2 protein chains.
Amino acid sequence: MVETLPAADYIEFARPFPMHRGGVLEDFRLTYETFGQLNDRRDNIVLVLPGMSANSHVCSVARDPEAGWWEDFAGSGKPIDTDRWYVICFNYLGGCKGSTGPLSTERASGRPYQSRFPELSIEDIVDTIVMAVKALGMAQVTCLIGASMGGMCALALLTRHPGFVRHHINLCGAASSLPVSTALRSLQREAIRSDPLWAGGEYSPDARPIHGMTLARKIGLLSYRSGAQLNRRFSRSDQAAGKSAGMTHDFEVEDYLQANAWRFARDFDPNSYLQLSRAIDLYACLTPPQGGFQTAGLEQVLVVGVESDTLFPVAQQQHIAQGLEQDGAEVTFVRLDCPDGHDAFLTDLRAFGPLLEHFMNRIGSVLPAGRAERCLELHDERF
Amino acid sequence: MVETLPAADYIEFARPFPMHRGGVLEDFRLTYETFGQLNDRRDNIVLVLPGMSANSHVCSVARDPEAGWWEDFAGSGKPIDTDRWYVICFNYLGGCKGSTGPLSTERASGRPYQSRFPELSIEDIVDTIVMAVKALGMAQVTCLIGASMGGMCALALLTRHPGFVRHHINLCGAASSLPVSTALRSLQREAIRSDPLWAGGEYSPDARPIHGMTLARKIGLLSYRSGAQLNRRFSRSDQAAGKSAGMTHDFEVEDYLQANAWRFARDFDPNSYLQLSRAIDLYACLTPPQGGFQTAGLEQVLVVGVESDTLFPVAQQQHIAQGLEQDGAEVTFVRLDCPDGHDAFLTDLRAFGPLLEHFMNRIGSVLPAGRAERCLELHDERF
């Protein structure tokens, strides 16, 4: 089955799935994409868990040349080299990118779940992904990569499915949300719920709460990017002087936020946003009294944090690194001084690229001649 | 007139006031409060310019025992000692605390200005205050204190009314808003405008856009307080597990934000919020080619910034200090390492108190024996 796996497809489970926090899905499907070729030994599998608003399209490929959310980091000849690795990425349960979520039709009622979709948790997300990976014929993942919310999901996967993953990369992740990060996400959810078109989650498809979604996305953006980055990018420009006080977009930075947020609001389902956002805040990968996270079987681990990240501050990645080391993994923890804030794992190829390339070469069974040495030379001081 | 000035009153100007960005108020009034006694030489006058959401009630007094917004910092025996200084504080034009603003009745129409209130600017705010101070019989202010938006107003006052102020304290101020701060305020304004009850500014008094105001205030709060402060204060508490995904307040920090924001929304006029917030973003105290800000006559100046302030970062206070020094003032610049973020000037008496006390003693004509020495001893390294 694996050898003929379509590169972009879905897998369906026609049996009830009891959700972690109560409620049952009568069935579910997960959509996914793969990049590169699975080898005969099936030991080149890289499972990527993306951030909350990303999707399964990690990078452009011949079948779909559209740029992916990690375009510069994964692909042929990139740090996550799809000439060598078989990359698979799922759209999360509860989302709106083809996997079962609030927009899916509930068979019992014949209508979309919307507000009746059961309370989503990070545990449901990773359990369904592990079910899918196994059902697709892969008994173990060679390397699990999780970034942002994906880093949180990775911890859940590692603790709930010990032995399923050999190596792991955790980028800008966290074992639980800090109160101020919860507050920022809470405001995003409130913005959506405050839009009258949200209608308690029962909005009609042609009257979605776009304004609430737009505002939510803007609040999110300001927490993903560092202030310094925005201040560099935008001059303080006084385009105003109109008489419509408070009515118009007066400043350059407002146009930027509006364009990004509008595009996002157009493509993302509000109920999915609420579910995914809340799942992040509800999750906690607790440290048991005996220490570590009680993962098992992990070999090489790379944990990366960014000094300018205020949403998932670097102390949270340090916590992850320490916990996984206590579990017995060989952990490399890198604290990057990049200026871009939480989203640096998406924007700062210069800082992240060599780290990823070096790690992937290290865990690969054959190191391509020349490349690993160059990387080691460049970043020796970090390891 | 001055000797019999009521301690809480208003002053009315029955002539048209042309606004800086166009439009004319047919008349205006400013409400104010005073604390302490004006001396015979009229050289103990302290004019306080507060932050955007504060009012004229700086501290509790016999006539009004309610705690003021700067309760621990000003009053009898406090760092701004009202036994010695005559403190006066105005409610800003455009606000909703009794001075002329969008809620005031426009004589021509007989209705509240609401959306027809002319576009407010920081220049209007300080010009009306200087008119009022002079009309109350005070030719010069001994010490001008501005904090946050008040620090911005102080720069506008100093540049537009050279010679009117002898000494100055600028706390967590800025000469203009940074793009990321503008973005944060823009989102607050958008939250208000997105509430259907806002109705283009023509909301009815008994159906004000409380939800939009609440959300706006929460976004503001998260920019005033440091993340570290909120993280210390709130444990990550999972009170949720209800089935109403995204519907309820699940986390402790959400309850805190809601209580604060609701109280604020109850008492603050949405159109005033829009006007004041936008005035901050429109203002820029530019540095002319010849350097400095072109203020005149300033003697002693204290400028204080806080390392954890992300809204008005400490580089902005350094910029103020440098500019006023180029203007010829004797400037002390203090960079405080307090953890509370922008609002530290309201919350961190331990850090700010001795600085204020020392400065006020220094500019006073008679130093109370013992006190100044103690302060100098404690904080000598800072000066």
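These numbers were taken from a predicted model, which means no experiment stands behind them. Chain letters run A, B, ... following the sequence lines, proteins first and then strands; every chain starts at 1.
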Report summary line: With chain A, the option among B:Leu257, B:Asn271, B:Leu221, B:Ile219 that has the most non-hydrogen atom pairs under 4.5 Å is B:Ile219
Query raised in the report: Side chain, backbone, both or neither: which part of A:Leu184 has an atom under 4.5 Å from a heavy atom of chain B?
Result: both
Query raised in the report: Contact part of A:Leu222 toward chain B, heavy-atom cut-off under 4.5 Å: side chain, backbone, both or neither?
Result: side chain
Query raised in the report: Would you call the rings of A:Phe234 and A:Tyr256 parallel, tilted or perpendicular, where under 30° means parallel and over 60° means perpendicular?
Result: tilted
Query - Proximity breakdown for A:Leu215 and chain B, heavy-atom pairs closer than 4.5 Å - result: both
Requested in this report: Under the ring-ring contact (aromatic ring centres under 6.0 Å, His included) rule, collect the residues that match up with B:His211, sequence neighbours excluded.
Outcome: none
Query - Set of residues satisfying side-chain contact (heavy atoms from CB on, under 4.5 Å) with respect to A:Thr310, sequence neighbours excluded - result: none
Requested in this report: Could you tell me whether B:Arg278 and B:Glu119 have a side-chain N and a carboxylate O separated by less than 4.0 Å?
Outcome: yes
